[in-house]
Every structure is written in C-alpha cells, then in structure tokens.
Amino acid sequence: MNLYEHEAKSIFAQFGITIPPGVRITKPEDLRKIHFGFPLTLKCQVLSGGRGKAGGIKFAPNLKEGEEIARTLLDMTIGGSRTESILVEPKVSIARELYLSVTLDRTRGCPIFIGSAEGGVEIESSGKVVTVPIPYPFQPYVARDLAQRLGLTGSLAVKVAALACKLYKAFETLDLDLAEINPLVVTTGEDVLALDGKIIVNDDALGRQEQFKGWQSKHLGDLTERESRSRLMGLNLVELPGDIGILCNGAGLTMATMDMVKKFGGNPATFLDVGGGSDQEKTMFALEIVAENPQVKVILLNILGGITACDDVAEALVGFMKKNPEAKLVVRLRGNNQEVAEEMLSQSGLKLIPDLQTAVGEAIAKSKVPTCAAR
Amino acid sequence: MNLYEHEAKSIFAQFGITIPPGVRITKPEDLRKIHFGFPLTLKCQVLSGGRGKAGGIKFAPNLKEGEEIARTLLDMTIGGSRTESILVEPKVSIARELYLSVTLDRTRGCPIFIGSAEGGVEIESSGKVVTVPIPYPFQPYVARDLAQRLGLTGSLAVKVAALACKLYKAFETLDLDLAEINPLVVTTGEDVLALDGKIIVNDDALGRQEQFKGWQSKHLGDLTERESRSRLMGLNLVELPGDIGILCNGAGLTMATMDMVKKFGGNPATFLDVGGGSDQEKTMFALEIVAENPQVKVILLNILGGITACDDVAEALVGFMKKNPEAKLVVRLRGNNQEVAEEMLSQSGLKLIPDLQTAVGEAIAKSKVPTCAAR
Amino acid sequence: MILVNKNTKVIVQGITGKMGASHTKRMLSYGTKIVGGVTPGKGGETVHGVPVYDTMRQALAASGATCSVIFVPPYTTLDAACEAVDAGVELAVVITEGIPPQDTAKLVAVARAKCVNIIGPNCPGVISPGETLIGILPGVIFKPGPVGMISRSGTLTYEIALVLSDAGHGQSTCVGVGGDPIKGMGYEELLSAFNEDPATDVIVLIGEIGGSAEEEAARHIKEHIRKPVVAYIAGQTAPPGKRMGHAGAIISGGKGTAESKMKAFTAVGVKVATTPGEVVEMVAAARAQSVGR
Amino acid sequence: MILVNKNTKVIVQGITGKMGASHTKRMLSYGTKIVGGVTPGKGGETVHGVPVYDTMRQALAASGATCSVIFVPPYTTLDAACEAVDAGVELAVVITEGIPPQDTAKLVAVARAKCVNIIGPNCPGVISPGETLIGILPGVIFKPGPVGMISRSGTLTYEIALVLSDAGHGQSTCVGVGGDPIKGMGYEELLSAFNEDPATDVIVLIGEIGGSAEEEAARHIKEHIRKPVVAYIAGQTAPPGKRMGHAGAIISGGKGTAESKMKAFTAVGVKVATTPGEVVEMVAAARAQSVGR
C-alpha cells in the first residue's frame with residue numbers, strides 16, 4: 001500500500017525524524033490561513049511517482065498566484081492517480097541533498113539501507129549509490145557504516161546515522177516494504193530533515209498493523225474500478241488492453257496462459273488469478289468481474305486442479321452460464337474429479353478441454369469472430 | 001532494585017498479565033472504603049523475602065478484625081524492611097498453583113524461564129523445577145516449550161505459554177534481573193493470574209528506564225542509613241559487626257582484605273569499595289562515612305594503584321586527618337607516584353605500608369588496643 | 001533426487017488446521033513418512049492416525065524426523081519455523097502464503113546461522129516422484145524420471161510437469177521455491193544440488209518476472225553447472241509496475257523483465273522455452289544429446 | 001601465552017574518550033600494537049599518534065587488526081561490540097563497567113554465532129607480560145614467566161601478580177574475565193587454553209563469591225586439565241544476600257559461597273590458598289614439583 005507524502009511524513013515525525021513544517025489543504029482558499037510566509041512550495045498529493053516531472057510541484061511567490069496554482073494542482077491526475085490534496089510547505093534553505101531508504105533486498109534476503117550522496121534525483125540513474133545490508137537483529141553501527149560509505153564525516157555523519165536508525169525503526173515496526181527519504185536535506189543550519197518521502201506498507205502485514213486499519217480502500221491509487229473491487233475481495237486482477245479475459249488458478253499459470261495467448265496471436269484483456277482454493281463464490285465473482293469488462297469478447301478459464309476440485313469449478317461455471325447465457329467461455333480444466341466436471345459442463349453446453357494449448361487456440365479463434373456475432 | 005509487590009503487579013498488568021483486583025492502603029480505616037466483600041487478604045508491602053513465614057500475610061474475616069490486623073501489619077518490619085503499605089485483595093478461588101519466572105542464567109549466559117508445576121513454595125526446595133534457556137531473539141515457541149515441560153496440556157498450556165511471553169516481554173523491555181510470579185494461580189474458572197510477584201530491576205539499567213526514574217531512593221530496603229547514603233553516591237558499602245573499617249579500590253581486593261583481617265584475628269566493620277578512579281572527593285566521602293560508624297576503631301585503607309594515582313589518595317588522606325586528627329588509620333598504598341604519596345603522608349604523621357599482610361597485621365593490633373586509648 | 005526421499009521423516013506443523021489436515025491425508029496416501037504433527041494445545045490428539053504434539057521438540061524427540069512442513073497462519077509462521085529450526089530439523093518447507101516479508105527475512109537469518117534449509121514460503125513444496133511428497137503438489141501429475149525441476153510457481157509447475165510426464169520425461173525432484181521476494185533456498189543452491197545428483201540428467205528452471213534471481217542463476221550456471229538446463233520465464237507479456245499475483249512478480253523501474261531473464265539465460269547457453277510445449281521439446285533434445293555423449 | 005602476543009594488532013573503541021585516550025597512551029608505552037581507534041564522527045583525528053576512524057569496518061580495513069578493546073559508555077557497548085564482531089575481530093575486550101546484563105547476554109549470543117571471543121565486560125583486560133597489554137592493567141606489576149592467571153577481579157589480580165612477580169613467578173598471560181554475572185570467556189575455555197599453552201606451567205585461578213562458575217571450573221579441571229592449578233576465592237567472610245561490589249559477587253539462597261567453591265576445588269586436587277601470600281607458596285611448590293617431574 002503506497003502512502004501519500006503527507007502520511008509518510010507524519011510517520012517520519014512519529015519516529016523522531018525531522019520534517020519541514022507543512023499544512024495539507026484541499027481548497028485553494030485554505031492557502032489564506034497559512035502563515036509560513038511566501039514563497040511557499042505546493043505539492044500534489046498523489047500515489048504515483050514522477051510527480052515533479054508531471055508538474056505536480058510548484059512554487060507560489062504570493063497568495064494570488066498561489067491560489068491559482070492550487071486550483072490547477074487540485075485538478076491534476078498523475079499516472080492515473082488523482083490529486084488527493086496539496087501539501088504546503090515553506091521553502092527550506094538547502095545546503096545539501098542526500099538520498100536514504102530502507103527496503104528489502106531479494107538477492108541477499110535481508111533489509112538494506114540504500115543511500116546516495118546525491119539526493120533529489122532518480123536513484124537508479126545516480127552513480128553514487130551505496131547499499132548496506134542490515135543484519136538481524138539491528139544495531140546502530142550499520143547506520144554509521146552507511147554514513148561513512150556515503151563519504152559523510154564529523155557531526156553530519158553522526159546525524160545522518162541517527163536518522164537512518166529511526167528510519168529503520170519505522171521500517172521494521174510498521175512492516176514497510178519501502179521507507180524512502182528523497183531528498184534528505186541538510187539545511188544551511190546543519191539540520192537534517194526529510195523534505196520528501198515515500199512509504200510503501202507491506203500488504204500482507206496490514207492485518208497486524210493497527211495504525212493502517214481501514215486505509216487500504218483509500219490507497220488503491222491507479223487501479224481501475226474493477227481492479228480495486230477485486231483487490232478488496234482478495235483477488236489479483238490486472239486489466240490489459242486486449243479482448244480475451246483470462247482466469248486461472250495460480251500466478252505463474254495465469255502469466256503463462258497470457259503469454260501463450262499473445263504468442264499465438266491473441267490479446268489478453270485480463271490477468272486474473274483466482275487462487276488456490278476451490279471457493280465457488282470467489283470463482284463466480286471472478287467470472288462476473290471479467291465478463292463485466294465490455295472489451296472482453298471471450299473468457300478463457302484455465303484451472304489446473306491440485307487442491308482445486310474440478311467439479312466445484314464446474315458448478316460455479318454452470319451457475320455463471322445460467323446468469324450469462326450469451327457469454328463465450330473456453331474452459332480448460334484438469335485435475336481432481338475431472339470426469340464429473342465434464343459431465344456437469346456438457347449439460348450447460350460447455351466443452352471441457354483438457355489440453356492448454358488447444359484451449360488457447362480455441363479462445364483466440366473465438367476472439368477473432370466479429371463482435372456482433374460473439375454476444 | 002527490588003520492587004514492592006503492588007509495583008510488580010502493576011507492571012504485570014502493564015504487560016497484559018492478569019492480576020487480582022487489589023487496593024493499597026496505608027491506614028487501617030482505609031479498609032472501610034474497600035468493597036470487595038470479606039474475607040479479604042491483607043499483605044504487608046515490604047522489600048524483603050520471607051514475608052509469609054514472618055506473618056506478613058493475614059486473612060481478615062470481617063471489617064473489625066481486618067482493621068486490627070491492618071494496624072499490626074502496618075507496624076511490622078520484616079528482614080529489616082519496614083511495611084510501606086498493605087495490599088488488600090479479595091480471596092481467589094484457586095484450582096492450582098504454579099511458579100514462573102524469568103531471570104538471567106550465569107552459566108548459560110542467557111535469560112531463562114524457570115517454572116514449576118508446584119507454586120507457592122520455596123522454589124529452591126521444589127523438586128519439579130524446569131528451566132528453559134531463552135534464545136536471542138525471543139520467539140513464543142520457547143514459552144510453549146516451557147509449558148509442555150511443566151506437564152501442562154490443552155488450553156491451560158496455551159494460556160500459560162501466552163502469559164510467559166508477556167512476562168518475558170516485561171523482563172526484556174524493562175531490563176529486569178528477575179520477573180517472578182509465585183504463585184501463578186489457575187482459578188477454578190481456568191483463568192491464569194499472578195497472585196503474588198517479585199520484580200528486581202537491574203541497577204545498571206536504571207539510567208535508561210524512564211519508568212523508574214527517581215525510584216531508587218525509595219527502594220533501598222534493608223540497607224542501613226550509611227549504606228543507603230553510599231549507594232546514592234555510587235559507592236558500595238556493606239556494614240559488618242566488627243571494628244576494623246576496610247576501604248579498598250576494587251571489589252575483589254576489598255573482599256580479600258576482609259578475608260585476611262578475619263584470618264589473622266581481626267573483625268571487619270565495613271566492606272567499602274571506593275572504585276577504580278582516584279577521585280579525591282569520593283575517597284574523602286568514603287573515609288568520612290567509615291569514620292562515622294561508632295563501631296569502627298581503626299580504618300584500614302588498602303589502595304593498589306593501577307589507574308589510581310597514590311598522591312591523589314594521599315591528598316584526600318591528609319585532608320581527612322586534618323578534620324579527624326584522632327582517627328586511627330593504617331594506610332597501605334602501592335602504585336603510581338608512591339614516593340610522592342609517602343612524603344605527603346609522613347607530614348601528617350601517617351606511615352605508608354607497601355605490603356598488604358603487614359598493613360593487615362598493624363590494623364588488627366591497633367583494633368585490639370582498648371577503646372579509651374584509641375580515640 | 002535431492003533434499004528428500006522415501007526415508008525422509010516429516011512433521012506437519014499446523015496439522016489440526018483445515019489445510020494441514022487435508023494435505024496430511026494426501027501426503028500419507030502418496031506414501032510420505034508423516035511421523036507427527038504439531039499444534040500447540042492439541043498434543044495427544046491424532047489426525048489421520050498421525051500423533052499430534054504440543055511442541056516441535058517433543059515431536060522430533062518422539063519421531064526422529066528431520067523435516068517439517070508448515071501450514072500455520074502467516075503471522076505465526078516465523079515463530080513456528082524458528083521452533084522447527086531450534087528443535088533441529090534439517091529442512092523446513094513453508095507452504096503458508098501471505099507472510100510479511102520482514103518475517104521471512106528474520107527466519108532466513110536464523111536458519112542460515114544454524115545451517116537449516118528453508119523452502120518457501122508461499123510455495124507448493126517439494127516432491128521426489130515415487131518417493132515422497134512434502135507440500136501441496138498434486139502427486140498424480142509427477143512421474144519418476146531424470147528431470148530436475150526448480151520453480152517460483154505452483155500450478156505452472158504442475159502444468160509443465162504434466163506435459164513432461166505425458167511425454168515420458170519423469171522427474172527426479174521438483175522444488176517449488178515460492179513466489180515471494182524473500183525466500184529460503186534459491187535457484188543457485190538447488191541448481192548445484194541437481195548438478196551433483198546422479199539421478200538428474202536435465203534441469204528445468206521455471207522463473208517469472210520480478211527481481212534478478214534468474215540473471216544470477218544464469219551466471220551461476222555458466223560457472224558451475226555442467227548439466228543441460230532448460231528455462232521458462234512466465235510473464236513475457238506482463239505490463240510493468242503491476243504485481244502479477246505473486247508478491248515477487250513485478251517489473252519495477254525497468255528491472256525484472258522476462259526479456260532480460262531470457263537474454264541472460266540464452267547468453268550462457270541455456271535453452272529458453274516460450275511455452276510449456278517447448279519445454280518438452282527442449283528437454284527431449286537435451287536428453288537425446290546426453291544419451292549420445 | 002594465550003590469546004594475545006606482541007603481534008596482536010588492536011583497535012581502541014572509544015579512543016577519544018577520557019579513559020580511552022589515557023589507556024591508549026599507557027598501552028602504547030607498554031608496547032602494545034595499537035593500530036587505530038574508533039569514535040563515530042571523529043574519523044581523521046589522531047590520539048597519541050593513533051589514527052581515529054568513524055567505523056570498525058574502516059579501522060580493520062586500514063590496519064588489519066584482529067582485536068578490539070572497548071571503552072565506550074555502558075549503554076552503547078552492545079552496539080560497539082556487535083560492530084567489532086561484524087567487522088571481523090577475533091577478540092573483543094570489553095573494559096566498560098555498568099552494562100545492563102541483558103545487553104551482555106545479547107552480545108554473547110551474537111559473538112557465539114560468529115565464533116568471536118569476548119573478554120569482559122567490567123574487566124581489567126588481558127596482559128601477556130613483556131609482549132602486550134590490552135586493557136587497564138598496570139603493566140609494571142606483571143613480569144614474564146610461566147604462571148597463567150585467570151581472574152574475576154581487577155585490583156586483586158594486581159595484588160596477586162605483584163606478590164608472584166616479587167617472588168620470581170612471572171606470568172605467561174593474565175586474563176581478567178570481569179566481575180559481571182553474564183560475561184564472555186569463562187574459566188573453562190581459558191583453563192583449556194592455558195593447558196595447551198607451552199609457555200604456561202602453573203595456572204592461578206582467582207575466583208570470588210557468587211554463581212557457580214568455580215564449581216563448574218573444578219569439574220572441568222578434573223576432566224580436562226593436566227597442569228597444576230592454584231585457586232584463591234575472595235569473599236570468604238562475606239555476609240549472605242549482600243552484593244559485594246561486583247554485580248556478580250553475591251551469595252543468594254545459600255548458593256555461591258566461598259566455602260562451596262573452595263570445597264569443590266579441594267575435592268579435585270586443586271590447591272586452595274586463603275591469602276595472596278599462600279598463592280605464592282603454592283605456586284612455588286607446584287613449579288618445584290613440575291621441574292622435578
């Protein structure tokens with residue numbers, strides 16, 4: 001779950017990291033109540049990246065222009081994510097910018113600090129990136145090692161190390177996937193503060209992080225309406241520009257099915273993993289949400305029974321066909337109780353195709369039939 | 001730092017461990033405001049052990065007898081520790097008693113759970129004691145292992161394990177030397193609760209445990225007035241029944257000096273470790289506090305200079321002799337600047353004895369001189 | 001075969017749960033030596049004839065098991081797996097999905113310090129066909145043979161095993177390493193194990209988008225692996241920035257694409273299939289060649 | 001000699017502090033190879049000519065040191081010592097007093113997992129007379145010779161070394177293990193090290209009341225130690241229930257008395273002295289006898 005900048009900053013503050021003073025506004029007029037003195041920085045609160053390049057950060061020299069800017073910013077949508085509010089901050093006198101984050105490193109299998117002596121830029125493109133693996137349990141020396149590797153010395157090294165300890169503490173305590181400060185600013189007064197930040201909370205940990213209870217529905221970001229609904233049902237739906245709705249059990253199998261559809265000339269309209277169990281309600285929901293998409297000409301269902309019982313899936317299919325007699329379905333089912341499923345499906349006029357490649361071929365063929373005939 | 005039972009219990013509650021309802025009273029009349037219904041348990045709040053045997057726990061069948069009992073209990077002193085207050089609790093319907101504690105194990109070098117399926121007794125004398133070392137970092141399975149080794153099963157095992165996790169959490173979070181529940185009671189309703197408890201906070205951790213800020217002076221327990229004053233000055237004084245006041249630098253050397261005094265026929269009156277540094281003020285304080293003790297006929301100062309500079313010690317001695325010209329001092333000093341010290345001392349009429357055994361002999365001889373002549 | 005065989009004694013952690021119990025039954029019917037189960041507070045019960053213990057220490061002491069398969073809920077998995085490690089298993093197979101990855105990182109640190117192998121989490125488990133099945137894989141799909149399989153996916157593994165088995169290419173051992181970004185055993189140690197395994201002639205590696213494990217595996221193959229490897233990467237058509245089901249399956253910042261992984265494999269001489277059918281063809285060719293040698 | 005010799009390269013952690021700086025000077029003048037110091041934020045400075053680094057990783061990389069001596073404040077000692085362990089020292093000598101014992105327990109767990117030796121905390125350090133001095137012991141008291149010393153005490157060690165040196169019984173190595181209840185190296189591993197050390201003929205063990213380490217050492221001596229051991233226990237007249245200076249020096253629940261420890265040693269043939277003077281006599285006797293053999 002991505003957080004808005006202002007949320008990330010309040011978490012930083014909660015863990016003792018200095019942030020600039022700031023006020024969140026949702027109407028241009030709110031600007032009149034802010035007494036930081038101009039110029040002010042106005043920042044779109046969106047869940048996507050690339051905000052700066054998209055023009056989501058502006059400097060207001062005075063109130064009149066500020067209100068104008070605020071109006072524009074509040075209307076923006078960046079990377080599919082609508083502006084939720086504007087964060088207004090006074091300008092900070094910057095002596096130096098750094099980059100600092102904590103995230104998990106797949107290769108090492110542990111959290112790492114990522115730092116750069118150059119902040120404010122795309123970290124991937126900076127040549128001065130330093131990574132330091134964080135042993136378990138954490139001790140502050142790791143943060144000092146980071147500061148030293150960044151080339152920092154003296155009291156600045158000590159301050160940055162202390163801040164990095166706090167950032168790690170937030171990362172661990174709140175089950176974050178990413179805790180990023182960019183830029184980490186050294187002011188002309190040698191204070192270090194988080195001028196901008198990004199926090200991603202681990203989705204699997206939401207059930208134990210009381211602090212984020214109920215946040216998920218407001219942080220779906222650039223998901224489509226159907227993707228959002230699926231997410232809240234615990235299903236992973238990704239909508240794509242094609243016309244073949246793909247439903248499978250298992251992420252790898254779903255991707256492989258998509259890949260085959262594409263390879264043999266079709267165009268996937270959905271990636272939808274219905275998961276491991278044979279929950280009829282979930283399967284039904286999945287079929288309905290794919291069918292809802294007006295782009296979808298044909299649904300390719302590919303279930304390889306391991307845990308999943310084919311007859312349970314068949315029952316969901318029979319129910320779905322009753323409600324949607326015009327839907328075009330290609331069904332690949334294989335696994336437990338396959339014969340029972342075949343019998344059940346045949347009564348609904350559905351053929352059970354045991355071979356994946358054959359099913360993919362059939363789905364592509366059906367998708368090529370002109371739309372008027374398909375529905 | 002030993003805590004009173006009522007303090008230990010409020011810490012248990014703070015960490016989610018169930019305790020019986022209870023009210024602390026300091027006057028017999030306070031009993032009238034308690035509405036638990038009789039009979040009530042009245043328990044002396046003292047810092048020493050052996051309270052039960054000493055008659056510090058009584059059951060009051062009604063208000064009249066209760067007030068009488070309270071009056072008696074409030075006047076008690078057990079093991080040198082005066083009753084601070086009385087903890088009043090309703091009687092609990094006990095199905096079973098267990099013992100549970102967390103402490104540090106010297107041999108293994110790690111914390112351990114100690115448990116017994118028999119509570120309420122002297123744990124040392126129970127044959128059913130189980131110890132389980134606690135690996136770092138802690139995981140709850142260790143507590144389940146303890147419950148299983150205690151022979152507990154089913155939901156009781158689960159409840160006791162959960163409680164043990166909380167006890168460990170308190171132990172680690174608050175830097176305790178001991179977190180003990182005795183008895184841990186299983187009620188007839190199968191609740192588990194801490195009927196009595198003992199907590200010792202590690203003295204060296206007091207500086208980082210905000211919760212106990214300022215507690216030390218109220219928790220000196222059975223220390224004598226001079227021992228308490230020394231403790232608050234950061235000096236370790238133990239008063240003994242003899243007449244030779246012993247001051248040394250280093251715990252081992254102080255004990256060894258005591259042992260030699262005793263071996264050669266003398267009687268130590270104090271164990272006083274003045275520590276490693278050559279702090280004149282501290283040495284002065286140490287000399288004064290030993291001299292204050294009317295039992296002390298002669299002071300044996302034994303300083304082996306490593307870090308300690310002999311001349312600094314000598315300066316303190318010269319100052320002390322000026323203020324206390326009648327004090328009998330035997331000075332063994334050896335180490336850095338020994339010659340300078342010797343010179344300084346001779347001007348105060350003090351002889352510097354470099355050999356310990358000789359100094360011990362001299363101190364004993366002086367202690368045998370009849371008191372009237374010695375002062 | 002690697003890691004497990006018909007003599008491997010297994011404890012099921014979370015055996016009294018719905019999933020634990022049903023898969024215990026499946027594993028038993030496959031022939032797996034399930035010698036005990038653990039559920040705190042349920043010690044003394046039995047599940048499909050298997051004795052249940054309160055703790056792993058008890059279970060191992062009573063059974064001599066060296067392996068654990070874990071079906072406990074995600075937030076208690078770290079605890080359960082650390083218990084298995086501390087009790088002395090050699091291998092813990094973590095089936096549970098949805099474990100916060102920082103918990104997994106902690107588990108990996110604890111297990112590494114004690115030299116215990118972890119498979120998973122969020123994985124289908126491991127099977128040595130005809131010998132033992134530890135996890136939730138459908139046993140009937142797998143046949144004994146000389147193909148070693150390593151996969152980040154569950155059902156896709158079944159799909160490929162199915163077509164391989166149908167074409168007469170049985171498997172020595174199949175290991176599902178799981179779809180999470182942080183995990184126990186990875187490609188490299190398993191590739192090396194198959195490389196040393198006399199029962200394995202060809203290795204099939206089933207990867208997917210996200211991370212750089214496949215690129216690292218390619219380097220490892222170049223340096224250390226002599227046996228032929230066939231790779232398949234799922235997600236060739238996945239859009240960037242979207243999590244494709246698995247927590248680990250995401251292309252971010254231009255990194256972790258199927259293209260990059262396929263290129264890395266091709267560059268070190270690993271055959272890369274684009275469909276399950278091609279995996280079969282490439283395995284057949286590799287086996288024919290290795291017989292020819 | 002054991003543990004350290006004239007080639008041991010040492011880093012001083014907390015070198016810019018008052019105690020760190022003054023003992024660096026003393027150690028240097030003894031001839032100890034102090035090759036660097038560490039104080040966060042003070043990298044680039046020098047203390048008595050010794051270069052100061054910000055981190056242990058830097059200090060070790062620059063100097064090739066294998067040993068660290070720690071003078072940092074008690075609440076930051078766990079951090080500093082873990083840094084030393086992680087950076088790769090073989091031995092860390094923790095002088096700091098007043099460390100909460102749970103911190104020490106954590107340090108011991110971390111160090112054990114990496115097979116790093118810890119001496120202390122709350123200890124005077126270690127000296128191999130004429131070779132190197134690591135800690136705060138007064139070098140002038142110690143003379144080279146064949147007596148190995150292990151002690152829970154500081155100044156008492158100096159007292160006994162003094163009378164031994166005066167009587168011509170120099171020392172191979174003296175190790176102050178520290179007065180805390182939880183500590184790094186203990187009697188048993190050091191007894192074994194002296195037992196294997198060709199430069200050591202007699203071992204002097206200086207114990208005190210509290211705990212059961214001496215009783216365990218007696219068992220260890222019986223089973224593993226061939227060289228003569230002379231023991232001395234401080235606190236023969238200490239009252240029960242009172243902490244005698246050291247955190248670890250307390251008789252509680254009737255356990256940890258000097259009597260019990262002396263009895264345990266006597267029972268396994270270890271000579272037990274009751275005064276420092278007797279230690280000298282017993283060492284002399286043991287040396288005479290070993291020459292006779």
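In the text below, chain A, chain B and the rest are named by the order of the sequence lines, each starting its count at 1. None of the values given here were measured: they were computed from a predicted structure.
Of the two parts of D:Val110, only the side chain, counted from C-beta on, holds a non-hydrogen atom closer than 4.5 Å to a non-hydrogen atom of chain B. Heavy atoms of B:Arg332 lying under 4.5 Å from chain D belong exclusively to its side chain. Both the backbone and the side chain of B:Phe171 have a heavy atom closer than 4.5 Å to some heavy atom of chain D. D:Ile233 touches chain B through its backbone: at least one of N, CA, C or O sits under 4.5 Å from a heavy atom, while the side chain does not. The contact between B:Leu206 and chain D is made entirely by backbone atoms, counting heavy-atom distances below 4.5 Å. Only the side chain of B:Asn202 has a heavy atom closer than 4.5 Å to any heavy atom of chain D. In this structure, chain B has no heavy atom under 4.5 Å from any part of D:Glu215. Using a 4.5 Å cut-off between heavy atoms, B:Glu227 contacts chain D through its side chain alone, with no backbone atom that close. Proximity to chain D (any heavy atom under 4.5 Å) is restricted, for B:Asn236, to the side chain, taken from C-beta onward.
Annotation for D:Glu259: atom CD does not count as buried by contact number, only 12 or fewer foreign heavy atoms lying within 6.0 Å. Few gaps surround CD on D:Glu223; more than 12 heavy atoms of other groups in view lie less than 6.0 Å from it. The environment of D:Gln236 atom CD is dense: over 12 non-hydrogen atoms of other residues, nucleotides or ligands sit within 6.0 angstrom.
Of the charged side-chain nitrogens involved, none lies within less than 4.0 Å of a carboxylate oxygen, so that B:Asp177 and D:Arg243 do not count as a salt-bridged pair. Between D:Asp180 and B:Arg106 there is no salt bridge, since none of the side-chain N atoms of the basic residue sits less than 4.0 Å from a carboxylate O of the acidic one.
Across all non-hydrogen atoms, the minimal contact from B:Met255 to D:Ala249 is CE-CB, 3.9 Å. Taking every heavy atom of both residues into account, B:Leu104 and D:Pro101 meet most closely at CD1-CB, 3.5 Å. Contact detail for D:Tyr75 and B:Asp204: the closest heavy-atom pair is OH-O, 2.6 Å. Considering all non-hydrogen atoms of both residues, B:Gly252 and D:Ser153 come closest at CA-OG, 3.5 Å. The minimum heavy-atom distance between B:Asp259 and D:Gly235, with the atom names listed, is OD2-N, 2.7 Å.
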Next on the checklist: If you apply the rule side-chain contact (heavy atoms from CB on, under 4.5 Å), what do you find for D:Leu162 with B:Arg334, and how did you get there?
Outcome noted: CA-CA 10 Å; D:Leu162 187 69; B:Arg334 190 152 169 181; 3.3 Å; yes
Checklist entry - Under the side chain to side chain donor-acceptor pair (under 3.5 Å) criterion, do B:Lys263 and D:Thr275 qualify, and how do the steps go? => result CA-CA 9 Å; B:Lys263 185 181 169 78; D:Thr275 65; 5.9 Å; no
Checklist entry - Do B:Glu239 and D:Lys242 pass the salt bridge (charged side-chain N to carboxylate O under 4.0 Å, His left out) test, and can you show the C-alpha distance, the side-chain angles, and the key distance before you say yes or no? => result CA-CA 10 Å; B:Glu239 295 201 317; D:Lys242 299 278 181 182; over 6 Å; no
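Ranked by heavy-atom pairs under 4.5 Å with chain B, the first of D:Gly207, D:Ala238, D:Gly211, D:Pro74 is D:Gly211. Of the listed residues B:Gly49, B:Pro268, B:Ala256, the one with more heavy-atom pairs under 4.5 angstrom with chain D than any other is B:Ala256. Counting heavy-atom pairs under 4.5 Å between each of D:Pro276, D:Gly254, D:Gly210 and chain B puts D:Gly210 at the top. Of the listed residues (B:Pro135, B:Cys110, B:Pro111, B:Gly207), the greatest number of heavy-atom pairs within a distance under 4.5 Å of chain D belongs to B:Gly207.
For D:Tyr158 (side chain) and B:Leu253 (main-chain N/O), no donor-acceptor pair under 3.5 Å exists by modelled atom type.
Put simply, the side chain of B:Arg208 reaches to within 4.5 Å of the side chain of D:Pro100, judged on heavy atoms.
Annotation: the span from D:Met244 atom CE to B:Asp273 atom CG amounts to 10.0 Å, rounded to 0.5 Å. Taking CG of B:Asn302 as the start and CD of D:Glu159 as the end, the distance is 6.0 Å to the nearest 0.5 Å. Atom CG of B:Leu178 and atom OG of D:Ser252 lie 10.5 Å apart (nearest 0.5 Å). Here D:Gln102 contributes atom CD and B:Glu172 contributes atom CD; the two are 6.0 Å apart, rounded to the nearest 0.5 Å. Annotation: the span from B:Ile246 atom CD1 to D:Thr237 atom OG1 amounts to 7.5 Å, rounded to 0.5 Å.
Remark: the B:Asn249 side chain and the D:Thr155 side chain contain no N/O donor-acceptor pair separated by less than 3.5 Å. Side chains of B:Thr107 and D:Glu216: a donor-acceptor N/O pair is present below 3.5 angstrom, by distance only.
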